[in-house]
Amino acid sequence: MSLNQQDREIGTVISAEEKRQQEHLELIPSENYVSQAVKEANASVFTNKYSEGYPGKRYYGGQEHTDVLETIAMERACRLFNAQFANVQPHSGAPANLAVYHALLKQGDTILAMDLSHGGHLTHGSPVTIAAQEFNFVHYKMKDSATGELDYEELRMLAHEHKPNLIIAGFSAYTREPDYKKFVEIAKEVGAITMADMAHVAGLIAGGVHANPLERGFDIMTTTTHKTLRGPRGGLILIAENETYAKKINAAVFPGLQGGPHMHTIAAKAVAFKEALSSHFKEYVRAVLQNAKAMEEVFKTHNVTMIGGGTSNHMLLLDISSFGVSGKEAQQLLESVGIIVNMNIIAGDTRKPSDPSGIRLGTPALTTRGFSKSDCAEVAELIVDILKHPHDPLIEEKVRVRVSELSTKYPIPETFV
Ligand code: DSN
């Protein structure tokens with residue numbers, strides 16, 4: 001019996017979401033569209049199976065296929081990121097990070113990470129998280145938000161002052177590429193372990209357009225699998241070469257933090273890793289960067305303030321205070337014409353996170369749909385039009401029509417390879 005026959009209420013809401021995704025231009029930089037193959041694997045019978053443990057060492061019977069599956073997923077992940085060990089079980093990025101902290105640190109140990117308002121992530125020590133109650137987080141910042149350069153002198157100074165056990169490079173709202181070698185150099189000076197949280201740029205690393213922190217000397221890399229990597233919602237931990245770290249991380253994921261792995265998601269991760277190993281994926285991530293640059297050019301022409309002065313990755317962070325609208329208003333105005341972005345705090349923000357001064361946007365999803373550089377430039381023009389003329393019904397109608405034409409021209413594809 002089909003979903004719609006059995007449960008019309010849920011079938012209807014899923015169809016409505018499908019329609020929304022088709023009809024809107026998705027610019028949230030952490031979102032993307034998966035292939036039909038990833039979706040099929042994600043919806044497979046592996047959702048029925050319990051498999052606590054790891055291949056060859058499970059606590060339940062009937063594991064001949066889960067073991068094959070998880071081994072393939074781990075091998076593909078290692079190949080993709082040039083790692084010795086991979087744990088494909090984390091349910092998402094936050095538990096992946098927590099697992100690393102718990103595997104390698106003791107309560108009260110110090111972690112040096114990027115400040116949230118300068119682009120870091122909640123799990124890097126925001127006071128609202130459980131990790132912040134367990135560990136002592138110290139934060140470094142950008143040296144200059146006009147260029148996005150990180151303050152490596154401050155990083156070194158903080159490292160020597162606080163002697164962190166772990167140094168994290170990684171971010172969720174930062175548009176430049178960190179100098180991973182500098183991180184490693186500083187970590188060596190103070191005997192810290194290095195972890196790169198590459199949730200946003202994992203696809204760019206996999207496709208070879210951004211540096212791989214593991215190849216620059218980082219010990220560990222964590223990531224989500226659903227952003228630029230274009231897989232199912234999930235997490236992944238990669239270990240460069242240290243087997244002791246790998247064993248401790250495995251124990252922290254299971255039984256430390258999680259129970260049975262979601263084998264259906266692991267199947268979908270494996271499919272996505274295969275896609276990301278293809279030459280098509282390399283072209284895709286190149287296009288993601290070019291499209292972001294095309295948007296940057298337009299914002300520059302209109303003198304829109306970009307945190308970091310522009311972008312070297314897939315995302316842009318705009319300070320929109322000069323338009324006289326807040327981040328929340330901008331998000332709502334754009335959503336009303338079919339353009340989806342997210343409001344975001346910016347460095348030195350005088351507004352609160354629930355209604356900040358910035359919006360964050362990016363090109364992974366539009367690029368998956370096949371948008372070209374000129375299409376992305378046009379979308380940036382549409383965004384500027386709306387921000388310059390808030391609540392102007394004529395402009396709104398013009399943009400709505402164009403959004404509809406573009407989303408019809410570029411349906412969400414089902415295959416990429
Ligand atoms: N929520 C993710 C993002 O949008 O960047 C990070 O966890």
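As the structure is a computational prediction, the values presented were derived from the model and not from experiment. We count ligands from 1, going down the list as the structure has it; atoms in each ligand are counted the same way.
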Atom indices of ligand 1 within 4.0 angstrom of [X] heavy atoms, with elements:
X      : result
His200 : 3 (C), 5 (O)
Ser172 : 5 (O)
His121 : 6 (C), 7 (O)

Is [Y] paired with [X] through a side-chain N to carboxylate O contact shorter than 4.0 Å?
X      : Y      : answer
Glu378 : Arg402 : yes
Asp179 : Arg216 : no
Arg286 : Glu283 : no

Whether the side chain of Thr175 engages the backbone of Thr311 through a donor-acceptor N/O pair (distance < 3.5 Å, no angle test) should be reported. no

Side-chain donor/acceptor of Asn291 to backbone N/O of Lys373, under 3.5 Å: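 Here the side-chain-to-backbone pair exists.
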
To which protein heavy atom is atom 1 (N) of ligand 1 closest, and what is the distance rounded to 0.1 Å? Ser30 OG, 4.7 Å

Which residue and non-hydrogen atom of the protein lie closest to atom 2 (C) of ligand 1, and at what distance in Å? Lys227 CE, 3.8 Å

Less than 4.0 Å from atom 5 (O) of ligand 1, is there any heavy atom belonging to the protein?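 Yes.
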
Start with the C-alpha distance between Glu243 and Gln84, add both sets of side-chain angles, then the distance that settles side chain to side chain donor-acceptor pair (under 3.5 Å), and finish with yes or no. CA-CA 8 Å; Glu243 195 168 359; Gln84 286 285 320; over 6 Å; no

Could you establish whether Glu31 and ligand 1 come within less than 4.0 Å of each other, counting only heavy atoms on the residue side? no

Any idea which part of Met315 is under 4.0 Å from ligand 1, heavy-atom wise: side chain, backbone, both or neither?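 Neither part.
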
